[in-house]
Colleague: 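Quick one: this structure, given as structure tokens, is what I'll be asking you about.
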Amino acid sequence: MRGKGLILWLTGLSGAGKTTIARGVECILKERDCLVEVLDGDEIRLYLSQELGFTKEDREINIRRIGYVANLLSRNGIVVIVAAISPYRAIRNEIRIMSENFIEIYVDTPLKVCEARDVKGLYAKARSGQIKNFTAIEDLYEAPINPEIICRTTKESIEECIDKVIAELERRDYILKYTYKTS
Ligand code: ADP
């Protein structure tokens, strides 16, 4: 089923679960024949924003680049799933305003849980001073005030978070409800 283009913007701390949820949602949408692309923050930094660091200015440029690409794709009928810390509320809102269909998903995982997970070993490096300006340690993270979806990963399993996103897309008629054929 080819649906409307839209941007699913996952924001949250490093290790919150953005990539995990994004890949799960991608998988289900592909099964339902949607055109999907994931723009993952780590990959974007590797391929599109290699020269950028982690100052406020550089982070803003990085997020605006992701927003620009997401818009190009979504206006051509693609469901774009962005998984990037995207710490600044103002920039996320700027992208929301310039996008036709924008769904913000706050992956709400407290710092102490992300730090305990330390999936990529980055929190240990940030605490020991090997990484500077790490989000929520030395740098700001501004949680969304009115996101369309909140995934509370300390209370909801990975599957529940993914199902919640899919259910909301169905509720908003971005994708058709999945129905089993009985005949
Ligand atoms: P991010 O992309 O936000 O940096 P990742 O998806 O790379 O985070 O890592 C999140 C980690 O948290 C994974 O190891 C994942 O298995 C774990 N996790 C535990 N519970 C959840 C949940 N409910 N949703 C998403 N991830 C979860």
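Quick note: numbers below take in every heavy atom, side chains included, and nothing from hydrogens, waters or symmetry partners. Small disclaimer: the values here were computed from a predicted structure and weren't measured. Whatever order the structure lists ligands and atoms in, that order sets their numbers, starting from 1.
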Colleague: Excluding sequence neighbours, so at least two apart, what forms salt bridge (Lys or Arg N to Asp or Glu O under 4.0 Å) with Asp42?
Modeller: Lys120
Colleague: Could you pull out all residues at least two apart from Arg45 that satisfy salt bridge (Lys or Arg N to Asp or Glu O under 4.0 Å)?
Modeller: none
Colleague: Applying salt bridge (Lys or Arg N to Asp or Glu O under 4.0 Å), can you list everything that pairs with Arg64, at least two apart in sequence or on another chain?
Modeller: Glu94
Colleague: Taking Glu138 for its side chain and Lys132 for its backbone only, find out whether a donor-acceptor pair lies under 3.5 Å.
Modeller: no
Colleague: Sort out the contact shell of ligand 1: every protein residue with a heavy-atom distance below 4.0 Å, listed by chain and number.
Modeller: Leu13, Ser14, Gly15, Ala16, Gly17, Lys18, Thr19, Thr20, Ile21, Arg117, Val119, Lys120, Thr153, Glu156, Ser157, Ile158, Cys161
Colleague: Would you please classify the geometry between the Phe134 ring and the Tyr123 ring as parallel, tilted or perpendicular, with 30° and 60° separating the classes?
Modeller: perpendicular
Colleague: Check each of Arg32, Lys177, Lys164 against Glu170 using the salt bridge (charged side-chain N to carboxylate O under 4.0 Å, His left out) test, and report the only one that passes.
Modeller: Arg32
